[in-house]
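In this chain, numbering begins with 1 at the start of the sequence shown. Order of appearance sets the numbers: ligands from 1, and atoms from 1 within every ligand.
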Amino acid sequence: MKLLIPNSETIELKTLILDLNGTLTLQGRIIEGVGERLAKIREKGLRIFLLSGDTRGNAKEVADELNIELVKASTGEEKRTVALELDPTTCAAVGNGLIDAALFHVVKLSIAVMQAEGVHTKSLMEADIVVPSILNALDILIDENSLIATLRP
Ligand SMILES: [Mg+2]
């Protein structure tokens with residue numbers, strides 16, 4: 001997926017990295033509307049990964065239900081390392097916790113979600129974009145013009 005940002009650069013996204021708790025799920029349950037949006041993003045050719053410390057022990061169940069790849073990452077440093085191996089210049093990431101701050105720092109496009117479980121201020125400060133919910137985050141990835149409007153200088 002290519003984003004031609006006017007008066008700026010062209011961003012090519014190949015991978016979407018998602019956090020679990022407080023991002024895809026609230027109180028352990030998948031937020032309604034996530035699945036259909038991830039299907040649309042997959043149709044755009046992006047590989048989708050769930051990177052999680054798996055606090056609740058349900059990461060595999062969620063990854064299977066959403067048909068996305070699961071990589072266990074128990075610390076912020078581990079999430080960052082996974083992104084570095086995937087090529088962070090072509091990665092977008094969505095998350096909310098302190099564990100996402102180092103990941104947000106290295107990826108090309110980082111989106112913080114400010115949902116009911118909160119967003120850590122360190123991750124907020126590392127994020128390129130902050131949105132109220134995961135549905136908003138996925139919608140701007142589906143409608144590239146929304147994203148371009150937010151990113152253009
Ligand atoms: Mg989280």
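- For N96, the nearest N, O or S atom to the Mg ion (ligand 1) falls under 2.8 Å.
- If you check the side chains of D87 and T89, you find a donor sitting under 3.5 Å from an acceptor.
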Identify all side-chain donor-acceptor contacts of residues 146-153 below 3.5 Å with residues at least two apart in sequence or on another chain.
{"unit_1": "S146", "atom_1": "OG", "unit_2": "D143", "atom_2": "OD2", "d": "2.7"}
{"unit_1": "T150", "atom_1": "OG1", "unit_2": "S146", "atom_2": "O", "d": "3.1"}

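- The nearest N, O or S atom of S52 is not closer to the Mg ion (ligand 1) than 2.8 Å.
- Residue K44 qualifies as enclosed at atom NZ: its count of foreign heavy atoms under 6.0 Å is above 12.
- Sorted by first and then second residue, the pairs that involve residues 121-132 and meet side chain to side chain donor-acceptor pair (under 3.5 Å), not counting sequence neighbours, are H105-E126, S110-D128.
- For the Mg ion (ligand 1), the nearest N, O or S atom contributed by D19 is named OD2.
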